[in-house]
**Q** 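Let me begin by handing over the structure; questions about it come next.
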Amino acid sequence: MFNKRTRIKELLASDSANYETTVMGWVRSFRNNQFIALNDGSTNNNLQVMVALGMVDDVTLKGISPGACIKAVGEIIPSLGKGQKIELKASSIEILGECDGEKYPLQIKNRPSLEYLREIAHLRFRTNTFGAVFRIRHALAYAIHKFFNDKGFVYLHTPIITASDAEGAGEMFKVTTLPLDGTAPKNEDGTINFKEDFFGRATNLTVSGQLEGELAAMAFSDIYTFGPTFRAENSNTTRHLAEFWMIEPEVAFNDLEDNMNLAEEFIKYVIRHAMDNNKEDLEFLTQRLEEEEKQKPQTERAEMGLMDKLNFVVNNDFERLTYTDAITILKESNHNKKKKFQYLIEGWGVDLQSEHERYLVEKHFKKPVILTDYPKEIKAFYMRQNDDGKTVAAMDILAPGIGEIVGGSQREERLDKLMQRMQEMHIPAEELWWYLDTRKFGACPHAGFGLGFERLVQFVTGMGNIRDVIPFPRYPKSAEF
RNA sequence: UCCUCCUUAGCUCAGUUGGUUAGAGCAUCUGACUGUUAAUCAGAGGGUCAUCCGUUCAAGUCGGAUAGGGGGAGCCA
């Protein structure tokens with residue numbers, strides 16, 4: 001069987017030696033016509049493969065170049081060199097795929113920028129940084145399913161193509177099979193006649209699975225979604241993508257506090273999972289970040305390293321406070337009094353700017369913050385109205401360095417209140433008849449939240465740009481690969 | 001979309017008040033070397049200075065437009 005091989009991670013995990021094995025992987029470097037640093041992606045650490053003089057023919061020797069894919073058979077022996085405990089003494093080397101050094105853009109001794117690597121995203125998996133990032137991304141995805149599964153949640157697949165344009169979460173990508181050359185069927189008023197379209201109506205890519213998630217929560221009690229989400233906003237930032245993955249739990253019988261507890265427990269659980277299972281990768285990224293920090297002036301450097309930050313987050317309670325209290329803190333802050341905010345806090349009711357969120361999280365509390373009970377005017381129609389008539393049972397979790405990582409709320413289960421709010425916000429009730437049905441047929445208090453997966457990966461890996469934590473990022477003017 | 005900065009060799013970057021043939025390190029290629037660790041040593045090749053237009057006797061250098069990228073803002077997850 002061709003694929004009979006041992007993963008390098010397993011070989012390096014044990015100190016035992018003097019046994020035959022087969023490895024396959026990609027050459028990171030070839031020193032002294034003798035030492036291959038071989039990587040198979042199971043870990044960032046390379047296996048040293050030793051090629052004794054005369055062991056392979058000249059053609060094969062020439063083929064051992066950075067980037068080439070090889071199969072090596074031989075004996076694992078204690079290494080004579082200092083950099084590693086064991087190595088493979090090759091008895092045969094086979095070039096599975098050669099690699100032209102003149103054209104291959106990745107060399108171990110070069111330090112390509114993240115921006116350059118983004119242009120060769122099809123190859124960047126072969127770098128230590130992206131190896132670590134995407135192994136951690138995988139671990140987090142696994143931990144998400146494990147967390148919810150162990151709690152008895154049902155994983156619900158919500159539709160990717162949707163006809164509802166109701167939530168107003170952002171601009172949507174249109175989905176159609178109608179011709180784009182101007183010959184699409186038209187109504188009398190000149191607008192496109194979507195009755196002729198594939199679905200017989202106008203459709204889009206989903207911006208959220210929440211509304212559908214609520215439907216299932218009204219039967220299974222506890223559900224979560226984890227799938228791709230699309231926003232056609234012209235956002236050019238380090239924390240927005242046009243295509244991203246979102247986790248949306250929805251839980252019947254939960255109120256806002258239960259919702260916060262679930263979100264906090266969830267975040268700590270998945271981070272802890274990565275810390276337990278991806279220690280080497282996190283240590284590598286910690287070090288990488290430390291070197292990056294050294295390039296910055298003293299005043300701009302982060303107070304904590306990546307590992308310390310993650311430890312701190314899993315071992316400390318998130319700070320919880322209401323929007324109203326946050327406004328008071330911001331208003332009373334020296335920062336505000338000395339007019340250091342670009343947008344000064346003057347009164348209750350305005351939405352917080354990122355500078356305010358950053359101040360609360362990074363300067364005032366120095367830990368993740370959960371803000372609750374926002375003014376109803378700045379939040380979505382489905383959030384439950386509080387008794388004060390001014391606020392809704394919303395909660396946002398703000399993380400250091402990233403900002404909003406979670407947005408959630410207790411949902412409005414009272415039909416009259418919901419209808420009234422929809423009317424005020426000009427949301428067509430007839431389009432959401434199925435959503436409103438749940439408020440007629442056995443409604444119950446329930447709550448949920450949405451968590452941007454890539455922002456979570458950013459937080460755990462310390463990567464500054466969200467485009468570097470998804471394999472093939474989609475953003476304005478960019479859909480290569 | 002707005003503000004701001006950037007674009008010089010495959011990569012990371014120098015390039016002075018505008019002035020002769022645009023440099024370095026690494027990578028690559030050729031050769032040497034058989035216990036290397038970002039291996040080392042010798043040699044070689046490699047440039048439409050993002051693109052277009054302008055100012056000037058003369059533009060990598062000054063001005064404008066366009067494209068791409070970074071950082072910040074808005075929208076949000």
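The shown structure was predicted, so the numbers you read here are calculated from the model rather than taken from an experiment. Numbered from 1 within each chain, the chains take letters A, B, ... in sequence-line order.
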**Q** Could you check whether Ile405(A) gets within reach of a base, just the sugar-phosphate, or nothing at all, counting any heavy atom under 4.0 Å?
**A** sugar-phosphate
**Q** With a 4.0 Å cut-off on heavy atoms, is Gln48(A) in touch with a base, just the backbone sugar-phosphate, or nothing at all?
**A** base
**Q** Could you tell me how far apart Asp351(A) (CG) and A73(B) (P) are, to the nearest whole angstrom?
**A** 14 Å
**Q** Just checking, is any N or O donor in the side chain of Asn128(A) or Arg28(A) under 3.5 Å from an acceptor N or O on the other one?
**A** yes
**Q** Does any donor-acceptor pair link the side chain of Glu115(A) with the base of G68(B) at a separation under 3.5 Å?
**A** no
**Q** What is the distance, rounded to the nearest whole Å, between atom CD of Gln107(A) and atom P of U37(B)?
**A** 19 Å
**Q** Given the P atoms of G43(B) and U61(B), what is the spacing between them in whole Å?
**A** 34 Å
**Q** Gln458(A) near the nucleic acid: base, sugar-phosphate alone, or nothing, with a heavy-atom cut-off under 4.0 Å?
**A** nothing
**Q** Within this structure, what is the CD-to-C1' distance between Gln34(A) and A32(B), rounded to whole angstrom?
**A** 15 Å
**Q** Less than 4.0 angstrom between a side-chain N/O of Asn110(A) and OP1 or OP2 of A27(B), yes or no?
**A** no
**Q** Measuring only the C1' atom in each nucleotide, how far is G69(B) from C11(B)? A whole number of Å is fine.
**A** 16 Å
**Q** Just do the ring pair (Phe, Tyr, Trp, His ring centres under 6.0 Å) check on Phe453(A) and Phe244(A) with the steps written out, would you?
**A** CA-CA 7 Å; Phe453(A) 184 50; Phe244(A) 64 100; over 10 Å; no
**Q** Just by distance, with hydrogens left out, do His145(A) and Tyr224(A) show a side-chain donor and acceptor under 3.5 Å apart?
**A** yes
**Q** If you measure only the distance, is there a donor-acceptor pair under 3.5 Å linking the side chains of Ser14(A) and Ser16(A)?
**A** yes
**Q** Could you state the atom-to-atom distance from CG of Leu80(A) to C1' of U37(B) in whole Å?
**A** 14 Å
**Q** Given the P atoms of G74(B) and A38(B), what is the spacing between them in whole Å?
**A** 44 Å
**Q** Taking atom P in both U48(B) and G71(B), compute the distance separating them and give it to the nearest angstrom.
**A** 28 Å
**Q** Pick base, sugar-phosphate or nothing for Asn236(A), based on heavy-atom distances below 4.0 Å to the nucleic acid.
**A** base
**Q** Is it the case that Asn465(A) and Arg239(A) place a side-chain donor and acceptor less than 3.5 Å from each other?
**A** no
**Q** For RNA chain B, find the residues of residues 467-481 of chain A with a heavy-atom distance under 4.0 Å and give them by number; none if there aren't any.
**A** Arg467(A), Lys477(A)
**Q** Touch check for Thr229(A), heavy atoms < 4.0 angstrom, all strands: base, sugar-phosphate only, or nothing?
**A** nothing
**Q** Strictly by modelled atom types, are Thr6(A) and Thr21(A) linked by a side-chain donor-acceptor pair under 3.5 Å?
**A** yes
**Q** Taking only Lys NZ, Arg NE, NH1 and NH2, and the carboxylate oxygens of Asp or Glu, determine whether Lys279(A) and Glu283(A) approach each other closer than 4.0 Å.
**A** yes
**Q** Please classify the nucleic acid contact of Pro105(A) as base, sugar-phosphate, or nothing, using heavy-atom distances under 4.0 Å.
**A** nothing
**Q** With hydrogens left out and only the distance checked, is there a donor-acceptor pair under 3.5 Å joining Thr237(A)'s side chain and the base of G71(B)?
**A** no
**Q** Lys62(A) near the nucleic acid: base, sugar-phosphate alone, or nothing, with a heavy-atom cut-off under 4.0 Å?
**A** sugar-phosphate
**Q** Tell me yes or no: between the side chains of Arg288(A) and Thr286(A), is some donor less than 3.5 Å from an acceptor?
**A** no
**Q** Indicate whether the side chain of Asn39(A) and that of Asn46(A) have a donor and an acceptor atom separated by less than 3.5 Å.
**A** yes
**Q** How would you label the contact of Glu102(A) with the nucleic acid (heavy atoms, under 4.0 Å): base, sugar-phosphate, or nothing?
**A** sugar-phosphate
**Q** From the set G35(B), G70(B), C76(B), return the single nucleotide nearest to any side-chain atom of His240(A).
**A** C76(B)
**Q** Judged by each residue's nearest nucleotide on RNA chain B, which is more toward the 5′ side, Ser29(A) or Lys109(A)?
**A** Lys109(A)
**Q** Could you tell me how far A65(B) sits from C2(B) if I compare only their P atoms? Round to whole Å.
**A** 13 Å
**Q** How do Lys82(A) and Glu454(A) order along RNA chain B: which one's closest nucleotide is nearer the 5' end?
**A** Lys82(A)
**Q** Can you find a side-chain donor-acceptor pair between Glu75(A) and Ser91(A) that sits under 3.5 Å?
**A** no
**Q** Taking the P atom of each, how far is C62(B) from G25(B), in whole Å?
**A** 27 Å
**Q** Please measure how far the P atom in U40(B) lies from the corresponding atom in C52(B), and state the result in whole Å.
**A** 40 Å
**Q** Checking Arg421(A) against Phe381(A): charged group under 6.0 Å from the ring centre and within 45 degrees of the axis?
**A** no
**Q** Specify the separation, in whole Å, of atom CD of Gln287(A) and atom P of A38(B).
**A** 13 Å
**Q** Go through the steps to decide whether Phe30(A) and Phe35(A) satisfy the test ring pair (Phe, Tyr, Trp, His ring centres under 6.0 Å), and finish with yes or no.
**A** CA-CA 5 Å; Phe30(A) 188 33; Phe35(A) 300 103; 8.7 Å; no
**Q** Between atom CG in Leu106(A) and atom C1' in C11(B), what is the gap in whole Å?
**A** 10 Å
**Q** Nearest-Å distance, CD (Gln210(A)) to P (C76(B))?
**A** 14 Å
**Q** What is the distance from CG of Leu451(A) to C1' of C76(B), rounded to the nearest Å?
**A** 13 Å
**Q** Near RNA chain B, under 4.0 Å by heavy atom, which residues of residues 261-269 of chain A?
**A** none
**Q** Considering only the C1' atoms, how many Å lie between G31(B) and C57(B), rounded to the nearest integer?
**A** 49 Å
**Q** Check step by step if salt bridge (Lys or Arg N to Asp or Glu O under 4.0 Å) holds for Asp40(A) and Arg7(A).
**A** CA-CA 7 Å; Asp40(A) 68 358; Arg7(A) 285 200 172 76; 5.6 Å; no
**Q** Between Trp348(A) and Thr324(A), is any side-chain donor less than 3.5 angstrom from a side-chain acceptor?
**A** yes
**Q** With heavy atoms under 4.0 Å as the rule, sort Phe244(A) into base, sugar-phosphate or nothing.
**A** base
**Q** How would you label the contact of Gly101(A) with the nucleic acid (heavy atoms, under 4.0 Å): base, sugar-phosphate, or nothing?
**A** sugar-phosphate
**Q** At less than 3.5 Å, do the side-chain atoms of Ser235(A) and the base atoms of C75(B) form a donor-acceptor pair?
**A** yes
**Q** Please state whether the phosphate of U36(B), meaning OP1 or OP2, lies under 4.0 angstrom from any side-chain nitrogen or oxygen of Arg31(A).
**A** no
**Q** So what does Thr238(A) touch, heavy atoms closer than 4.0 Å: a base, only the sugar-phosphate, or nothing?
**A** sugar-phosphate
**Q** Testing the 3.5 Å rule here: is there a donor-acceptor pair between the side chains of Asp57(A) and Thr60(A)?
**A** yes
**Q** For RNA chain B, what dot-bracket results from Watson-Crick or G-U pairs at under 3.5 Å, with [ ] for crossers and | for inter-strand partners?
**A** (((((((..((((.....[...)))).(((((.......))))).....(((((..]....))))))))))))....
